[in-house]
Amino acid sequence: MSHDHHTADATLTNDRAHVFHSWSAQAEISPLPIAGAEGSWMWDFDGNRYLDFSSQLINVNLGHQHPKLVAAIQEAAGRLCTVAPIHADPERSEAARLIAEVAPAGMEKVFFTNGGAEATENAMRMARLHTGKHKILAAYRSYHGATSGSIAATGDPRRWPSEPSVPGIVHFSGPYLYRSSFHAATEAEECERSLAHLDEVVMFEGASTIAAIILEPVVGTNGILVPPPGYLQGVRDLCDRHGIVLIADEVMAGFGRCGEWFSIQRWGVTPDLICFAKGVNSGYVPLGGVILSDAIAETFDHRVYPGGLTYSGHPLACASAVASIGIFREEDVLGQARALGDAIGPALEKIAANHPVVGEVRGLGAFWAIELVRDRETREMLVPYNAAGADAKPMQELLGACRERGVWPFTHFNRLHVTPPLTTSLADLETGLAAIDDALTVVDRYASS
Ligand SMILES: Cc1ncc(COP(=O)(O)O)c(C=O)c1O
């Protein structure tokens, strides 16, 4: 018997009975049933509306239900839903051409995946095969996905339950001036010292054993850490000195989030491999991939690449990427992201001035973090690193206060991230930031002023 499953009750009942959720203790969650979304807003079945300041998982860069993107997917579905990766497909060919066009020069080929983890997984495989070396260096305070290799590369507590993980992945500390691992007081010191540290890790591990360094050029979930000037070029130079492949994980920072096609382009640095997903098509259909330098691509001209996926270059997903890149150009979405950055930066500085609980605000484009502390002098985090349960209560209170005020932000550890769709209007931005400003008063009491 058929029944209407588009109700709050049916959605929640079936979810609780049958859906096994990511990253959750199943009996302890109560997901909000979402009835619809448009632009920067989403709403539940009771008509409560929320400004989506997290762009879902920082992937809905064009906002929800962009009419041209929806139409392109509908049209592509009517034409040809799928063909296997062994065939050439018009949508896949065009998506690859367009992605190569926006990538740095000398990166002409694209290997498509279903998402970010498969992208980093394959990038590491390519680097190992290309160099004939094994080890991968990855940063602490990073996230690269939840498959075995990508979670092993991840430099945050999400890796711990999957250990012992695949061998040969070594972590290093990247730049983060506010909580410097190097006792640095300036950006220049942080840059110099974090590069010296990486140099030392390469020396201790042995350059002849290291296939790749993987990093998020602008670190996402782990804090929106914008690198100091010169850092990425320094890593590039180090890689060149030692024959190490530089993998830029642009899954979150790419496709406009930082006001560039790829965040690393802001510093004029060209990596050897770029991982992308999320913003490539705003997640309307699952898609990710790796963009290869010409040199790495040539390695596989006459040697089989030993990796693949049934849905590599899925036509429907690729059609949505083609449409998405077209929309970015027609609507100057990169310009919109930069304009959001110009508005968010000063607004967050004002919010910081209003609230003793704010330790630092930082970011660029539509990619910002508010870092919360108990004490501005000692920089003690509002909640401890990896806090859960009662320890995380202040952040839960803040999240609740935001939602009550109609904003759905992204929170992680002691931070609230402001990461709206790149197409968010300045009026909606102002509404959302005012709500966050107000919500922060709820947690000011935890801070010594
Ligand atoms: C930088 C980065 N890399 C990789 C991933 C993994 O992507 P996915 O969840 O699509 O597998 C993410 C997801 O948040 C990410 O932020």
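Whatever order the structure lists ligands and atoms in, that order sets their numbers, starting from 1. What you see below is based on every heavy atom in this structure, not just the backbone, and it leaves out hydrogens, waters and symmetry mates. Predicted model only: the values in this text are computed from it and were never measured.
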Taking every non-hydrogen atom, the tightest pair across S194 and S173: CB-O, 4.4 Å
Residues in salt bridge (Lys or Arg N to Asp or Glu O under 4.0 Å) contact with D89, at least two apart in sequence or another chain: none
Ring centroid separation Y231 to W267 under 6.0 Å: no
Amino acids in close contact with ligand 1, where any non-hydrogen atom sits under 4.0 angstrom away: G115, G116, A117, Y143, H144, G145, E216, D249, V251, M252, K278
Ring-face cation of R92 near F112 (centre distance under 6.0 Å, axis angle within 45°): no
Minimum heavy-atom distance V102-Q265, with the two atoms named: O-NE2, 2.9 Å
Plane angle bin for H412 and F410 - parallel if under 30°, tilted between 30 and 60°, otherwise perpendicular: parallel
